Each structure stands twice: as C-alpha cells, then as structure tokens.
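None of the values given here were measured: they were computed from a predicted structure. We're numbering straight along the sequence, starting at 1.
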Amino acid sequence: MKKICAVGLLVFIFLLVGCGSNKSKEPTEKTPANVKVEVTASEAKAKLNELSGGLTKDYDDMKELTYYRAPIGEDMRVIVEPYVVVDKDYQPTLIEHLQYFGSHVIKFDTLYIKSADKVSEFHYKDTFVVSYKSEAYGGVMSNEVYDALKSACESGYVRVRMEGNAGLEEKELSKKEIDGIKAVFAIYEYLSQIKVVN
C-alpha cells in the first residue's frame, strides 16, 4: 500500500512538473503594441534637431507650440505643405495645408496625389477662398492622405492636382519638396512613438 501511495505521489509530482514546464513556455504577460519608448527631454530635443534639418521651424511663445514646415518650392501655383505642430509635452499633430494660386477660381474640392505607380483621390468640403484667385484648405491630415502622400514620396515621384468644378491646377513636386515632406513625416512618426519623461 505504501508503494502504491509513493508511486501515486511520484506520478502526481511528475504531472505537476510537466504542466508547470508547459506553462512556463507561454508568455506570462502580453505587451501592448502601442507602448511608447521613454526618452528624456534633452534626447527628444537632440533628435528633433537632427530630423528637422532643411525645415522651417517656428515657435509660438504664447501657445507654447513649435511648427516644423516643409519647404514650399519655387512653383507656388499649387502648394501641398504638411507640417507638424508640437506642444510643450512633445505631443505632435500632423496638419495639411493645401493652397492654389492662379489666374482663375477653380472652386477646389478634390485633391489627387500621383506616385510612381498609383493615383489617390481625396474630397474636401471645408475649403475657403483666400482672395479672388487663391483657394485653400487647412486641417488635421487624415490617415488616408498621410498614407498616400508618404507612399508617393517613398516612390520618388509626386504629382498633385487641385481640382474643382471650375477648373484645375497641378504640379510635380521637386526633390527638395519631397525630402521636406519626408522630414516632416519623420518628426511626426518619431514623436508618436515616444513618451518624454523628466
């Protein structure tokens, strides 16, 4: 009887150890995909200085906001100018500024972005007339416009068209403009992945 109890106890211990070893192979805690990397303010500032080369940087000391803007380029008939607004806690907001300057009103409501291999189309309702021959849009950039513009910049070729029911204007972005947009996006992406701690 003692042998049966001893064998039973050994089998029970063996099962416990076996089950325990299987459990130890499973992750004990799942890590969320959106965990931000912690950096110091001086590290964030140094990285921003590195990423912002060639961009226009403006600081609004009333609102404590810093603006990083891509260069516009020489051809100013059509302006596609994304920029990042960064608050004092290093939280970014990606903004798009679209503007048309021309010889006639086009009643802008559609933006086309053409890359080396794809055309994307976006519709706008809140455009406004700046002057008789200038129309614009400004607001937070949607994920869809961001994806299309980023993909086009990465392809090395970007042509944009602003179109309305009264006409259209388009232009091909220069290498300088494409590089500027890439730099703006790099700042936005970097700040979206970090948490600044003191």
Side-chain angles (χ1 to χ4, degrees), residues 48 51-88 90-116 118-189 191-192:
L48 283 174
L51 293 173
S52 64
L55 299 180
T56 303
K57 177 182 171 183
D58 296 304
Y59 180 68
D60 181 338
D61 62 352
M62 288 291 220
K63 295 181 179 178
E64 297 185 82
L65 298 173
T66 305
Y67 299 80
Y68 295 91
R69 300 180 195 281
I72 292 173
E74 294 178 19
D75 180 356
M76 293 182 60
R77 290 173 301 127
V78 175
I79 295 172
V80 176
E81 180 195 28
Y83 61 94
V84 180
V85 181
V86 182
D87 70 17
K88 63 182 180 181
Y90 293 90
Q91 296 300 307
T93 303
L94 186 60
I95 305 293
E96 64 180 312
H97 170 227
L98 309 172
Q99 192 153 356
Y100 154 75
F101 295 96
S103 58
H104 60 285
V105 172
I106 62 173
K107 297 186 179 176
F108 163 65
D109 61 9
T110 307
L111 173 70
Y112 293 90
I113 300 172
K114 181 174 176 56
S115 69
K118 183 180 176 184
V119 176
S120 301
E121 179 180 339
F122 304 97
H123 298 278
Y124 294 83
K125 293 179 181 173
D126 300 324
T127 61
F128 56 92
V129 175
V130 178
S131 68
Y132 176 68
K133 297 174 183 177
S134 177
E135 302 167 47
Y137 170 81
V140 175
M141 183 177 284
S142 70
N143 290 335
E144 294 77 18
V145 172
Y146 167 76
D147 290 339
L149 193 52
K150 181 176 170 119
S151 176
C153 287
E154 288 172 353
S155 80
Y157 175 81
V158 184
R159 196 166 91 223
V160 292
R161 173 187 291 172
M162 292 178 72
E163 185 174 289
N165 62 13
L168 62 89
E169 280 290 341
E170 66 179 51
K171 79 168 183 178
E172 183 177 327
L173 271 57
S174 67
K175 182 180 183 319
K176 182 179 180 182
E177 288 172 298
I178 292 171
D179 289 345
I181 292 170
K182 285 181 178 179
V184 165
F185 287 171
I187 288 173
Y188 175 73
E189 289 160 5
L191 292 175
S192 297

| query | Among D179, L173, I181, which residue meets the side chain to side chain contact (heavy atoms under 4.5 Å, CB included) test with C153? | reply | I181

| task | Check whether any side-chain heavy atom of L94 sits under 4.5 Å from a side-chain heavy atom of F185, and report yes or no. | result | yes

| field | Reference residue R77; test salt bridge (Lys or Arg N to Asp or Glu O under 4.0 Å); the match among E170, E135, E169, E172 | value | E169

| query | For A148, which residues count as a side-chain contact (heavy atoms from CB on, under 4.5 Å) partner, sequence neighbours excluded? | reply | I113, S120, F122

| query | How long is the span from the CG atom in L168 to the NZ atom in K107, to the nearest 0.5 Å? | reply | 15.0 Å

| message | Under a 3.5 Å cutoff, is there a donor and acceptor pairing between the side chains of Q99 and S134? | response | yes

| query | Among all residues two or more places apart in sequence or in another chain, which pass the side-chain contact (heavy atoms from CB on, under 4.5 Å) test with A116? | reply | S155, Y157

| Mind checking what makes side-chain contact (heavy atoms from CB on, under 4.5 Å) contact with K63, not counting sequence neighbours? | D60, L65

| task | For residues L191 and P92, report the shortest heavy-atom separation together with the two atoms involved. | result | CB-CG, 3.6 Å

| query | Does the separation of the ring centres of Y124 and Y137 fall below 6.0 angstrom? | reply | yes

| task | Determine yes or no for a side-chain-to-main-chain donor-acceptor pair under 3.5 angstrom, with E64 supplying the side chain and K88 the backbone. | result | no

| Rounded distance [0.5 Å steps], CG in D61 versus OG1 in T66 | 10.5 Å

| Any idea how Y146 and Y188 line up, ring-wise: parallel (<30°), tilted (30 to 60°), or perpendicular (>60°)? | perpendicular

| request: Return yes if some donor-acceptor pair links the side-chain N/O of K171 with the main-chain N/O of D75 below 3.5 Å, else return no. | output: yes

| message | Using modelled atom types and a 3.5 Å cut-off, is there a donor and acceptor pairing between side-chain atoms of S52 and backbone atoms of L55? | response | no

